[in-house]
Amino acid sequence: MSAEYMHIGIPVLNKKEGMMYNEGAKFWVSNVDDYDYKIEYLKFEEGTPFPEILARQWHVAYKVDDLDKYAAGADRIIVPTMTMDNGDRLCFIELDGAIIELYEEAK
C-alpha cells in the first residue's frame with residue numbers, strides 16, 4: 001500500500017480571499033497551492049451534507065493507491081466513499097482520533 005500527503009484541511013468561520021464555492025455540497029474551499037504547507041481552508045454553510053465534525057476539526061488528506069484497503073483499517077467511517085464525475089474516489093475516516101481524508105485517483 002502507498003500513501004502520499006496531499007494537504008491539511010482546516011475549517012474556518014470566515015471566508016478567505018480566493019475561496020471557491022461548491023454549491024452542491026454547500027461549502028467554500030481554498031486552493032491548497034495558494035498557501036505554504038498545502039493548507040486547505042474550508043467554510044461549511046448551513047445545510048451541507050457533510051457531518052458537523054468536519055466543520056469543527058482539521059483533517060489530513062492522503063492520496064492512496066487502494067482506498068478500500070485503507071478505509072478497512074479505520075476505527076470509524078465519517079463520510080462513506082464518494083465517486084466524483086471523473087472517477088476519482090474519496091472518503092473521510094477516523095483513525096486513532098485523527099480525521100483522515102483518503103483520495104484515490106481513477107485508474
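Both backbone and side-chain heavy atoms feed into the values below; hydrogens, waters and symmetry mates do not.
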Any residue meeting side-chain contact (heavy atoms from CB on, under 4.5 Å) with [X], in chain and number order, not counting sequence neighbours:
{"X": "V12", "result": "K16, M19, Y41, K43"}
{"X": "A98", "result": "none"}
{"X": "Y5", "result": "I8, K38, V60, Y62"}

Response to the item:
The salt bridge (charged side-chain N to carboxylate O under 4.0 Å, His left out) partners of E52 (sequence neighbours excluded) come to R56
Discussion item. If the condition is salt bridge (charged side-chain N to carboxylate O under 4.0 Å, His left out), which residues does D36 pass it with, not counting sequence neighbours?
Written reply: none
Side chains of [X] and [Y]: does their closest heavy-atom pair fall under 4.5 Å?
{"X": "N22", "Y": "W28", "value": "no"}
{"X": "H7", "Y": "Y35", "value": "no"}
{"X": "V32", "Y": "I39", "value": "no"}

Worksheet entry | With sequence neighbours excluded, residues passing side chain to side chain donor-acceptor pair (under 3.5 Å) with K69 |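 Partners of K69 under the side chain to side chain donor-acceptor pair (under 3.5 Å) test: none.
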Worksheet entry | Pairwise distance CG(D75) to CG(L95) - rounded to 0.5 angstrom |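 Between atom CG of D75 and atom CG of L95 there are 5.0 Å.
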Discussion item. To the closest 0.5 Å, what do you measure between OH (Y21) and NZ (K15)?
Written reply: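 Going from the OH atom of Y21 to the NZ atom of K15 covers 10.0 Å.
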Item to complete: If a pair satisfies salt bridge (charged side-chain N to carboxylate O under 4.0 Å, His left out) and one of its residues is in residues 17-32, list it, with sequence neighbours excluded.
Response: none
Worksheet entry | Of all pairs that satisfy salt bridge (charged side-chain N to carboxylate O under 4.0 Å, His left out), the ones with a partner from residues 80-98, not counting sequence neighbours | D68-R89, R76-E94, R89-E104
Worksheet item: Is there a side chain to side chain contact (heavy atoms under 4.5 Å, CB included) between D66 and V64 once you walk through the steps?
Response: CA-CA 6 Å; D66 190 335; V64 295; over 6 Å; no
Discussion item. Restricting to non-hydrogen atoms, name the atom on G97 and the atom on Q57 that form the minimum distance, rounded to 0.1 Å.
Written reply: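 Nearest pair, atom of G97 first, then Q57: O-NE2, 3.5 Å.
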Practice prompt. Give the minimum heavy-atom separation between P11 and A55, together with the two atoms involved.
Written response: CB-O, 3.2 Å
Item to complete: Linking directly or through intermediates, with side-chain heavy atoms under 4.5 Å: list the remaining ILVMFWY members grouped with M84, chain and number order.
Response: M6, F27, V29, L42, F44, F50, I53, L54, I78, V79, M82, L90, F92, I99, Y103
Discussion item. Is it the case that atom CG in N14 sees more than 12 heavy atoms from other parts of the structure closer than 6.0 Å?
Written reply: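 Counting other residues, nucleotides and ligands, CG of N14 stays at 12 neighbours or fewer.
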Discussion item. Show, in sequence, the C-alpha distance, side-chain angles and deciding distance for C91 and I93, and conclude whether the side chain to side chain contact (heavy atoms under 4.5 Å, CB included) test is met.
Written reply: CA-CA 7 Å; C91 72; I93 66 168; 4.0 Å; yes
